[in-house]
Every structure is written in C-alpha cells, then in structure tokens.
Novice: 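Quick one: structure below, then a few questions.
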Amino acid sequence: MTPRRFPAGFLWGTASSSHQHEGGNQLNQWADWEQKPGVIWHGDRVGDACGWWRELEPDLDRACALAQNAFRMSLEWSRIEPRPGEFDPAAIGRYREMLAAVRARGLTPMVTLHHFTNPRWLEQQGGWLNPGTPARFGRYVAHVLGQLGDLCELWCTVNEPTIYTLMGYLHGHWPPGHSHMGQAMRVLVALLRGHAAAVEAVHAAGPQHRAGIVHNLHLVDPSTPRLPDLLIARFSDLLTNGCVLSALHTGRILPPFGSGRTIIPGLATSDFIGLNYYSRSWVAFDIRRPREFFSRSYTPEHAEQSDINSHGRSYGEIYPEGLYRSIKRLSSLKLPIYITETGLPDHDDDQRPRFILNHLASVHRAIQEGADVRGVFLWSLVDNFEWSEGWDLRFGLYALDQRTGERRLRPSGALYGVIARANALPAETKKPSV
Ligand code: IFM
C-alpha cells in the first residue's frame, strides 16, 4: 500500500480563539457571565487561559515542531473596540506582533473576526438582537482590515452562528442565558447579516483577501426509517444546518427564519466555507416533547463516545464517516472548503490518535472523490477554556497544567506532526468503517 497523499500546499494547522486561549481580558460578555454562580462547570474561570496575550511565541514554536504550516486564531473585538467607535492602538499593536510571529515561522494565518465573544458595551445594547449590530460589526471588520490586512489574507467572518444562537438563546447555557425561540431566530439572521457585512469589508480591502463563514455541521440522523423519525430528523437538520447552508447558497433566508423572500445582499458572496465537524446526534419523534418540537435527540449507547461533560453525557459520538458526509454536503456550495475545526475532548489521549487517523482518512477520501478541501485545523494546539464546560474537557495536542503553565506533548500531537510532515496518511492506516 502507498501512503495517502494530500494535495501540494495543503494547510495543516490548529485552531484557537481569543477568549479561550489569550487570557486576562475583562472587556467582553464572558467576563461578566463567569461571575454568575453555577454557569461554568466546577465554577472554573478563564483566568490566564493559555497566556497568549502575554506570550504566544513558545506555542507557535510547538506548532512548528509538529510540522504545521498554518495557524487559526481569532481577534477579540472587545480589546480592539473597548468603547463604541473607539479603537485601541495598543490592542492592534499586540495583534500585529502576534500575526508577525505567526508569519515569521512560515505559518499561514487564518483569522476569525467573531468567535462567540462581544464587547461588554455591545452586549449591554442587546448584542445581536440590536438591529444595528451587523452594520457595527461591518465597521469593526473594515477597521481591522485597515490595520492588519497586510498580515493576513484568510478571514473567517463568524464562527458557528448556529451554536452561538443555540447556546445563548435556546439552551441558555451561555450568555445572555435566554431561552426564546423568536430571539434565537432573530439572532441567527443577524449573524448572517453580520457575515455579509464582514465579507463586504474584507473584499473592499483588496482582491488578495478571502472571506468565509465557519459552520458547525452537526449531523442529525433519524433513529429509524419510519416516517415520523425521518420528518423530525429533516426538521432538526433544517434548524441545525439547512437554514445556514441554503442562505449561503441562495442569499435568502428560508422559513421559519425568514419569509423566503428575505434577501441579504452579499450573503452568497463568500470565497470559501469553513467546516467545523465534531459529531452527530440521532433523533426520534417523541409526542411527549412539544417544547423540543416533538424530537428526542440522543447518542446510542453502543456508539463510541468522547469524554463526559457537565451534564453527565459524553461530548459526542465519535463518527469519522460524518466528516466525509459533511464535506460531500458542503461541496454542493461549489466553494473551497477548509476544515476549520475538528477534534475531541480526550483527557488521557486514548482515543485521539485513532480519531485523527480516521477523520483525516475521511478528508482524504472526499478529496480523492473531487472535493476541494484546502486544509485542516485541529481543535486545538493546547488545552484551553471550554466555555461553560470550563477546564475539564481537554482538546489539546499539548496537555496544559494551568498551575505551572507547563505543556506536555500528547502522543496524538506527535502523530499529527508525522502526518503533516509527510503531507500524507501512513500506508497502514485502516479506512474507517462505513
Ligand atoms: O471550543 C469550541 C470552539 O470554541 C468552537 N467549536 C467547538 C470547540 C470545542 O467544543
């Protein structure tokens, strides 16, 4: 057997976000949220996170030691625009240093413009429920491109709009802690408007710049082939994936989010799509659950599952075939695809090596069949602050001891380095079962 090669110039990286990795920021809505008792597992705090606001370089060197050639990070809106319309040159200066350090190491930067956090002042004005927010975001992005556009060309506009909406406005596990379907729909549409405004600002900065949204494609499969289960799975998929994907394709917002005639100018002008893939859910029709649209979502016990979260359930089923299916589905958008995140919480690293091999085999298979996948970014280089799950879920290729700041390379990290260096999967890797 020959090794399975990836295309020349394929990007191998890891993904991160400002709030989860930088530390020491008191300016966004999460800094307020973590003061509330009981909202974060074990009462954890983000604290110094991975310390990147002070010093990013040693972790970039670790990325290079794993033969990486790309690095995805996000910018913290609350640091750059701490008061409405007032931009902080010191924050821009720090991001210039960080991006210069990324580039100096031969890593291609990919920068996310909105990764779940809002400046406190924006949140106090209603966040993404405020009709002015998409345009404000567009102005912020134009400022960023003016200040940092010489250091990066690949821009992710909004990270996982469906997850932001679900967690903050339906489940209420994230700020602002609401549970309101009408608000959730408005927020999702506002994030899509924000994406369109950001694409426009990125494009205005020059033809070398490329912009795309990052969608978390959470697969939803019916528990049986019976009609009620099929229909409920279809409906869940529309809410979870279809609404965003069709909007990107047509520029229109489908019912129930819009009238179908709601057109967002610029929505369908992305240059690429970012795919975050982690897991899938199964759904069954359940007449006893009207508040959940008569659906029961679950992971079968026989499925292989990753570490347990604060609700006593696993973070999700480990299902490599789902990445192949997700790439095939996104290919219909006819845009280049970046796997902007995939990964799993696995404290003792006994699942991650196989996870990496099998998920990359899925990527390779899709590419062989013609999918235009340009790169993969694993979540994440170092253990980091996992939002309402705090510090218990460990996604890092490097384990982090928060007390000492010490990093320890996990075997899965070393394996990822071997694959990136070869730009190929080792020959002996078994294909994931279908
Ligand atoms: O940590 C998150 C990240 O912020 C967005 N995508 C999923 C990751 C793991 O849950």
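Residue numbers run from 1 in the order of the sequence given.
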Novice: Taking Glu369 first and then Lys328, would you say they form a salt bridge - that is, a charged N and a carboxylate O separated by under 4.0 Å?
Specialist: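 Salt bridge between Glu369 and Lys328, a charged N being under 4.0 Å from a carboxylate O: yes.
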Novice: Between the side chain of His218 and the main-chain N/O of Ser281, is any donor-acceptor distance below 3.5 Å?
Specialist: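 Looks like yes, one N/O pair under 3.5 Å.
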Novice: May I ask you to establish whether Arg296 and Trp282 are in a cation-pi arrangement, using a distance under 6.0 Å from NZ or CZ to the six-membered ring centre and at most 45° from the ring axis?
Specialist: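 Arg296 over Trp282 ring: no.
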Novice: Can you tell whether the side chains of Arg365 and Glu321 come within less than 4.0 Å, N to carboxylate O?
Specialist: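 Salt bridge present between Arg365 and Glu321.
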Novice: Would you call Asp348 and Arg410 a salt bridge, taking side-chain N to carboxylate O under 4.0 Å as the test?
Specialist: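 Salt bridge: no.
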Novice: Donor-acceptor pair, Arg72 side chain versus Thr340 backbone, under 3.5 Å?
Specialist: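 Pair found, side chain donor or acceptor close to backbone of Thr340.
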Novice: Hey, what's the ring geometry for Trp30 with Trp33, parallel, tilted or perpendicular (30° and 60° as the breaks)?
Specialist: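 Ring orientation of Trp30 relative to Trp33: perpendicular.
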Novice: Any carboxylate oxygen within less than 4.0 angstrom of a Lys/Arg side-chain nitrogen, looking at Arg407 and Asp383?
Specialist: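 Between Asp383 and Arg407 there is no salt bridge, as every charged N stays at least 4.0 Å from the carboxylate O atoms.
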Novice: Could you point out which residue of Gln29, Gln20, Glu76 forms a side-chain hydrogen bond (donor to acceptor under 3.5 Å, both in side chains) with Thr117?
Specialist: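 Answer to the side-chain hydrogen bond (donor to acceptor under 3.5 Å, both in side chains) test with Thr117 among Gln29, Gln20, Glu76: Glu76.
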Novice: So with a 6.0 Å cut-off around CZ of Arg234, is the heavy-atom count from everything else above 12?
Specialist: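 At most 12 heavy atoms, drawn from other residues, nucleotides or ligands, come within 6.0 Å of this atom.
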Novice: Would a line drawn from the ring center of His19 to the ring center of Trp387 be shorter than 6.0 Å?
Specialist: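 Ring centroids of His19 and Trp387 are less than 6.0 Å from each other.
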Novice: State whether Arg394 and Glu389 are salt-bridged, where the test is any N-O pair (Lys NZ or Arg NE/NH1/NH2 against Asp/Glu carboxylate O) under 4.0 Å.
Specialist: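 Salt bridge between Arg394 and Glu389, a charged N being under 4.0 Å from a carboxylate O: no.
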Novice: Under 30°, 30 to 60°, or over 60°: which ring-plane class applies to Trp155 and His209, parallel, tilted or perpendicular?
Specialist: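 Trp155 vs His209 ring planes: tilted.
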Novice: Among pairs that include at least one residue of residues 315-342, which meet ring-ring contact (aromatic ring centres under 6.0 Å, His included), considering only residues two or more places apart or in two chains?
Specialist: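 As it turns out, the ring-ring contact (aromatic ring centres under 6.0 Å, His included) pairs with a partner in residues 315-342, which skip direct neighbours, are Phe272-Tyr338, Tyr278-Tyr315, Tyr315-Phe395.
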Novice: Taking the six-membered ring for Trp and the full ring for Phe, Tyr or His, determine whether the centres of Trp379 and His21 are under 6.0 Å apart.
Specialist: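 Centroid separation for Trp379 and His21: below 6.0 Å.
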Novice: Going by the angle between their ring planes, with limits at 30° and 60°, are Trp77 and Tyr140 parallel, tilted or perpendicular?
Specialist: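 Rings of Trp77 and Tyr140: parallel, as their planes differ by under 30°.
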Novice: Report the C-alpha distance between Asn118 and Ser78 in whole Å, list the side-chain angles of each, state the deciding distance to 0.1 Å, and finish with yes or no for side chain to side chain donor-acceptor pair (under 3.5 Å).
Specialist: CA-CA 6 Å; Asn118 299 321; Ser78 64; over 6 Å; no
Novice: Are any side-chain N or O atoms of Tyr164 and backbone N or O atoms of Val187, one a donor and one an acceptor, separated by less than 3.5 Å?
Specialist: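 No, because the side chain of Tyr164 does not come within donor-acceptor range (under 3.5 Å) of the backbone of Val187.
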Novice: Around atom NE2 of His311, are there more than 12 heavy atoms of other residues, nucleotides or ligands at under 6.0 Å?
Specialist: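 Yes.
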Novice: Can we call the ring centroids of Tyr169 and Trp174 under 6.0 Å apart?
Specialist: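 Here the rings of Trp174 and Tyr169 have centres that are no less than 6.0 Å from each other.
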